[in-house]
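Model, not experiment: these values are computed from the prediction. In each ligand, atom 1 is the first atom listed, and ligand 1 is the first ligand listed.
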Amino acid sequence: MHASHDLILVLFSYVIAVASSYTVLDLAASAGQARGIRRWRWLAFGAVLMGMGIWSAHFIGMLALNLPVPVKYNLLKVLLSITAAVLGSFLALAVIARFRAGLRQLLGGGILLAAGIAGMHYIGMSAMQIGIVYRYGYVVLSIAIAYAAAYAALWLSFSAMTGNEKQSGWRKLGGGLILGAAIAGMHYTGMLAAQFEPDHMHGDLPGVVLEQKWLAYIIAGGMLFTLWLSLIGLNISRRFSRKDTKILVNEKWYRSLYENNQDGILSVDLELRIIGFNPAASRITGINQETLEDRSLDFFLNIVVEEERGRMHELFSRSFGGEYIGYETTIVHQEGHRVDISVINAPVTVDGQVVGTYVIARDVTEDKQVKERNHYLAFHDELTGLPNRRMFNQLLEQAIEAHSGKQEPFGVMVLDLDRFKMINDSLGHLYGDLFLQEMSNRIRNSVVNENVILARLGGDEFALLCRFTRKQMNVTDIAEAMIAAVAQPYHLKEREFYVTMSIGIAFYPYHGQDPVQLLKNADTAMYEVKKNGKNDYHFFSEELNGELLERLELEGDLRKALERNEFVLHYQPQVHEERKAIVGVEALIRWQHPQRGLLSPAVFIPLAEEMGLIVELGKWVLREACRQMHRWHEAGGPLVPVAVNLSSQQFHQYNLLEEIVGILKESGLAPEYLELEITESMMMNANISAEVLSGLVKTGIRISLDDFGTGYSSLSYLRLYPIHKVKIDRSFIRDIVTGGEDQAIVSAIITLARHLKMDVIAEGIETREQLDILLDGGCREFQGYYYSRPLPAHEMADMFLLAARTS
Ligand code: C2E
Ligand code: MG
Ligand code: MG
């Protein structure tokens with residue numbers, strides 16, 4: 001029997017096969033991502049769609065077949081064939097929907113799908129109430145085609161799920177085309193296998209005759225419409241799920257920000273319940289997450305230090321009103337210590353409504369400590385811990401402000417340690433610092449009073465603010481207490497050191513209206529004390545102002561005096577009383593001031609020391625004295641030494657020895673004719689002193705100890721140093737005629753010196769009486785007005801040296 005195909009319908013059947021395959025592969029991707037019941041739903045939907053597609057393609061193919069006789073269909077078998085297609089599709093989809101399909105699953109899936117397609121076809125064929133004879137070669141071929149194509153389609157669509165979106169689109173289309181080809185190929189090969197035999201028409205069997213063409217178009221149209229709808233639905237659902245995923249990812253990002261944040265974050269809703277609490281919040285408060293969950297905000301507010309709680313409540317009600325608030329507060333950690341936190345209350349608004357607030361807290365304890373430390377350092381002296389100059393000025397300003405309306409007085413003191421510079425020079429800065437610490441402690445402890453503020457202005461200079469009103473007596477009490485505290489001996493390196501303090505006092509408002517003026521005037525008063533022998537206090541007065549000006553002027557002149565050659569040396573003889581012979585001369589400096597006349601070293605030596613000019617000046621004295629003595633020697637003698645006074649700074653000059661040796665060479669004076677006068681107070685550091693002295697002595701220079709007896713130092717240490725001569729200080733000689741202590745001390749000194757094989761000389765002899773007592777005591781050498789005042793060089797030569805030569 002001849003059968004022909006309607007070509008348009010054949011095309012339709014292929015298009016449907018491809019479209020349904022493509023749709024289903026697209027669907028399988030979604031099914032693969034879904035889980036649980038959703039996954040089964042996707043699979044069922046896909047299986048029905050695919051099964052129906054396969055069946056439609058087949059059935060349209062059948063309807064495209066033009067048989068010369070009308071054919072009846074057995075509807076039950078038709079339904080059965082649909083079921084086979086759906087079942088095969090379902091199983092195949094279940095395989096590909098599993099992401100990790102291995103080769104075995106693919107093979108299995110291919111077999112199932114092919115079985116579904118082939119089953120559908122041959123059951124469908126058997127629904128035709130017409131005699132069919134099969135050519136089994138084609139049947140086998142049709143099944144083989146079904147299998148090969150199903151396998152290829154499955155493999156392609158499986159790989160489509162793993163590629164990127166573009167690749168996956170092409171692969172799905174490829175899968176669709178191949179699967180479509182499988183269905184069509186199978187169908188038409190299957191049709192080749194069939195030989196219709198109209199003679200064996202089962203005309204009497206029950207069944208329906210179908211109006212073929214129209215039916216075919218209706219099925220094709222319906223099917224394509226269904227597929228089109230499915231694709232649209234699929235796309236929409238996918239877009240939604242993409243959005244879901246995006247939201248999910250965003251949420252994860254936010255969670256991470258929340259969980260890993262270094263700042264503690266607390267979320268609080270409008271019912272004042274804590275609904276969120278991140279790990280950093282746990283760390284900062286020491287409260288674990290479970291304890292806080294679902295607690296009321298009050299629980300949290302209770303760990304805020306008590307004095308802050310009221311403010312906290314207020315701040316929170318403001319932030320619930322939508323205000324963004326930043327503040328600092330302090331909480332108590334669960335372990336008991338305080339934690340300073342910097343907090344932001346950030347209201348959470350949803351659709352314009354405040355629904356709660358975030359409390360974002362940062363632990364700033366360390367920052368705050370650093371800040372406080374910096375602030376402390378900016379306003380305190382590091383060495384003593386006392387307020388520094390900056391802070392003192394501020395406090396002084398505040399005091400002035402507080403007193404300004406009332407015109408009530410208060411006192412400002414400037415304190416200066418008298419011999420600190422020497423201690424610092426001779427002991428070194430390390431001990432100098434220790435010494436300063438000790439002194440500042442003593443001063444502080446001697447004036448413990450809330451109305452008194454002690455500050456260190458720098459170096460050995462302190463300042464005191466006394467906020468007493470109209471009680472000047474208190475100020476003098478304080479000054480005396482401080483002086484007494486400092487005067488106590490200071491023990492260091494098994495030695496005792498003695499220092500004193502000079503204090504200047506000025507009063508607001510009489511002596512100044514502002515900090516600068518007050519401090520300057522107190523300073524002036526302090527210098528007055530220094531000038532008058534130190535170790536005392538003095539109030540500022542207007543006359544002092546004049547003296548200050550004079551002092552400043554003198555400082556200016558002193559700077560120029562050396563280059564203007566305004567210094568001269570006077571010489572005072574030292575005499576051996578019994579031999580009636582001159583045994584030496586002391587060189588004593590004078591300043592020939594252009595306006596003020598001849599100035600005593602007592603006026604300008606301390607100034608030169610303070611200004612740092614003394615080393616230069618001392619060098620000049622040494623050179624001049626050596627030259628002069630050499631000239632006298634050249635002129636015929638007598639061959640006696642010249643004594644030159646050294647200052648403490650010179651003594652500690654690192655290149656002293658070198659310099660002196662240079663000067664001796666230059667002047668031509670033999671070393672044994674130079675005698676250096678040093679004082680006990682210069683030799684505070686025994687090691688350094690011994691080193692300097694032995695260096696000098698080795699070159700042949702002589703050493704004499706000036707002002708002996710005033711330096712508080714013990715006599716026993718004398719033997720440690722190479723000293724040739726001891727000069728008994730003038731202060732002992734002055735009162736020696738009245739007998740008593742001084743006489744005893746002087747004779748003790750003479751005995752000791754003899755014992756140690758040192759020469760002794762008494763200075764400041766003014767009367768015969770003094771001389772006689774000293775002669776009785778065993779002293780033989782003398783220096784003083786009794787013999788001669790210090791004289792200019794030519795007078796010295798005339799009066800003594802010439803006489804000595806002729807005698
Ligand atoms: P000094 O070394 O103890 O010198 C002795 C001082 O006593 C001298 O005072 C001298 O004029 C004075 N004098 C001597 N005999 C008598 C006396 O009988 N009665 C009284 N009342 N005084 C007497 P001057 O020259 O005013 O020197 C004072 C101090 O200045 C010296 O004390 C010394 O420490 C220092 N001086 C002097 N010249 C120099 C110098 O060139 N360099 C250094 N660094 N200091 C010097
Ligand atoms: Mg002297
Ligand atoms: Mg002296």
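The distance criterion of under 3.5 Å between nitrogen or oxygen atoms is not met by Leu646 with respect to ligand 1. Polar contact with ligand 1: absent for Gln783 (N/O pair, distance under 3.5 Å). Checking only distances, Gln650 never comes within under 3.5 Å of ligand 1, N or O to N or O.
Within 6.0 Å of CD on Glu691 lie no more than 12 heavy atoms contributed by other residues, nucleotides or ligands. Shown here is Gln437, whose CD atom has more than 12 heavy atoms of other residues, nucleotides or ligands within 6.0 Å. The number of heavy-atom neighbours closer than 6.0 Å to CD of Glu610, taken from other residues, nucleotides and ligands shown, is above 12. For Phe420, the CZ atom sits in a packed shell: over 12 heavy atoms of surrounding residues, nucleotides or ligands are nearer than 6.0 Å.
Residue Leu646 forms a side chain to side chain contact (heavy atoms under 4.5 Å, CB included) with just one option from Ile614, Thr679, Leu676, and that option is Leu676. A side chain to side chain donor-acceptor pair (under 3.5 Å) with Glu586 is found for one member of Gln574, Gln783, Gln572 and no other, namely Gln783.
At a 4.0 Å heavy-atom cut-off, ligand 1 does not touch Val644 at all.
Closest heavy-atom approach to atom 17 (C) of ligand 1 within the set Phe782, Tyr785, Phe567: this belongs to Tyr785. With distances taken over non-hydrogen atoms, the option nearest atom 33 (C) of ligand 1 out of Asn645, Ile589, Leu569 is Asn645. Remark: among candidates Arg730, Glu763, Glu624, the nearest residue to atom 6 (C) of ligand 1 is Arg730, based on non-hydrogen atoms. When Pro601, Ser788, Ser600 are checked for heavy-atom proximity to atom 35 (C) of ligand 1, Pro601 turns out nearest. Residue nearest to atom 31 (C) of ligand 1, selected from Asp729, Leu588, Val603: Leu588 (by heavy-atom distance).
For the 3.5 Å distance criterion, the side chains of Asn424 and His429 qualify, holding a donor opposite an acceptor.
The Mg ion (ligand 2) has an N, O or S atom of Glu677 closer than 2.8 Å. Inclusion of Asp706 in the first shell of the Mg ion (ligand 2) is supported: an N, O or S atom falls under 2.8 Å.
Within the listing of ligand 1, atoms 3 (O) sit less than 4.0 angstrom from a heavy atom of Asp707. Listed by number with element, the atoms of ligand 1 under 4.0 angstrom from any heavy atom of Ser647 are 44 (N). Residue-ligand proximity, Glu677 to ligand 1, at heavy-atom distances under 4.0 Å covers atoms 2 (O). Within the listing of ligand 1, atoms 17 (C), 18 (O), 19 (N), 20 (C), 21 (N) sit less than 4.0 angstrom from a heavy atom of Glu766. Numbered from 1 in the order shown, with element, the atoms of ligand 1 that lie under 4.0 Å from a heavy atom of Ile765 read 18 (O). Residue Gly764 has at least one heavy-atom neighbour below 4.0 Å for each of these atoms of ligand 1: 15 (N), 16 (C), 17 (C), 18 (O).
Taking the six-membered ring where the residue is Trp, the centroids of Phe604 and Phe567 are separated by under 6.0 Å.
Between Ile701 and Ile660, the shortest heavy-atom contact is CD1-CG2, 3.6 Å.
A cation-pi arrangement is absent between Arg389 and Phe392 under the rule of less than 6.0 angstrom and at most 45 degrees off the ring axis.
Proximity of Gly618 to ligand 1 is not established, as no heavy-atom distance is less than 4.0 Å. For the pair His570 and ligand 1, no heavy-atom separation below 4.0 Å is found. For the ligand labelled ligand 1, residue Glu586 lies inside the 4.0 Å heavy-atom shell. In this structure, Pro790 has a heavy atom closer than 4.0 Å to ligand 1.
By the salt bridge (Lys or Arg N to Asp or Glu O under 4.0 Å) test, Glu382 is found to be paired with no residue, residues two or more places apart in sequence or in another chain being considered. By the ring-ring contact (aromatic ring centres under 6.0 Å, His included) test, Phe732 is found to be paired with no residue, residues two or more places apart in sequence or in another chain being considered.
Per residue Glu586, closest N, O or S atom to the Mg ion (ligand 2): atom name OE2.
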Practice task
Could you give me the CA-CA distance, side-chain angles and deciding distance for Tyr673 and Trp632, then say whether ring pair (Phe, Tyr, Trp, His ring centres under 6.0 Å) is met?
Solution key: CA-CA 12 Å; Tyr673 294 118; Trp632 281 331; over 10 Å; no

